[in-house]
2 protein chains.
Amino acid sequence: MGKQMTEMLKGTLEGIVLALLTGKAAYGYEITTLLRDQGFTDIAEGTVYALLVRIEQKGLVDVEKRPSEKGPPRKVYSLNGQGRQELEEFWRTWSFLAERIAQLHITDHIKGEK
Amino acid sequence: MGKQMTEMLKGTLEGIVLALLTGKAAYGYEITTLLRDQGFTDIAEGTVYALLVRIEQKGLVDVEKRPSEKGPPRKVYSLNGQGRQELEEFWRTWSFLAERIAQLHITDHIKGEK
DNA sequence: TACTAGTAGTTAGTAACACCAAGTAGTTAG
DNA sequence: CTAACTACTTGGTGTTACTAACTACTAGTA
């Protein structure tokens, strides 16, 4: 993946994962494949697991260990109240940034056509 | 500023500054006030200067030192060919990410209304 | 004169985060 | 018994925005 994407994911990947967990608990491996399905094909596995440890330590998710039919036990993560709050905050921050950048994009187009 | 915004700016702030430089050269102090005007009220001055040094070293901008009427000399930055290329790449990366996150936002809304 | 505020840029150190590489461990198919 | 898939862990790296302090020049004011 480009270096730009790597840097851009900082701060957004956490929100993306929290969003994926809305309404549906999931475990790490599952989340990784979900991300790949959504087009984030190059996100490193280790990155996802590290992120999950982090949001667990921040108290944004509840964790339950469940046996798997085909492999080691899974750690199933579900969004809790604090996580939902954090996600809302994420959407606010993201919207703010996205709006301003969209504005810049438009302005650049105008300049480019002059 | 929130910690979320700080992390989110990683990887996007550079693109934002390159976008600001499209069609119009500017110096550091000016860029900082431009950013503040655009709503990024809490971006630290030091951050902008450090970023400018970085994009100069990456060869994305040309620099010209000009005396100022009211203070120390200014370093005026203008986007060069490589910078324009990098900016295009930025828009591609950003669009990709923004689209996917927008999709997630919609999905979350639907889930939330169930 | 000395002091403040505004302008303009620099430097050193910190924290957060995504990355890579390598490893452990369980199951299933050849 | 070996490979491939599932599932998670650990240790170390590079990039980036942050803070805080500093230099330096000008203009206005007490």
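Letters go in sequence order (proteins before strands), and every chain restarts at 1.
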* To do: Indicate, with a heavy-atom threshold strictly under 4.0 Å, whether A:S68 touches base, sugar-phosphate, or nothing.
  => sugar-phosphate

* So, do A:K65 and A:R74 sit near enough that their side-chain heavy atoms are less than 4.5 Å apart? -> no

* When you measure from every atom of DNA chain C, which of residues 26-35 of chain B have a heavy atom less than 4.0 Å away? -> B:Y27, B:G28, B:Y29

* Pairing partner of C:dG30 (Watson-Crick or G-U wobble, both distances under 3.5 Å) -> D:dC1

* To do: Tell me what A:L13 touches on the nucleic acid: a base, only sugar-phosphate, or nothing, going by heavy atoms under 4.0 Å.
  => sugar-phosphate

* To do: Grab the CE-P distance between B:M5 and D:dA17 for me, whole Å please.
  => 13 Å

* Closer to the 5' end of DNA chain C via nearest nucleotide, is it A:T12 or B:E45? -> B:E45

* Which nucleotide, C:dA16, C:dA18, C:dA8, lies nearest any side-chain atom of B:Y49? -> C:dA8

* Among the nucleotides D:dA17, D:dA7, D:dT15, which one has an atom lying closest to any side-chain atom of A:E7? -> D:dT15

* DNA chain D: A:E69 or B:L51, which has the more 5' nearest nucleotide? -> A:E69

* hbond_proxy A:K70 side chain to D:dA7 base (donor-acceptor, 3.5 Å cutoff) -> no

* Asked: When you measure from the side chain of A:R36 to the backbone N and O of A:I43, does any donor-acceptor pair fall under 3.5 Å?
  -> yes

* Measure from the side-chain heavy atoms of A:K10 and tell me the nearest of C:dA18, C:dA25, D:dC18. => C:dA18

* Ignoring the backbone of B:K75, work out which of C:dG26, C:dG9, D:dA24 is nearest its side chain. => C:dG9

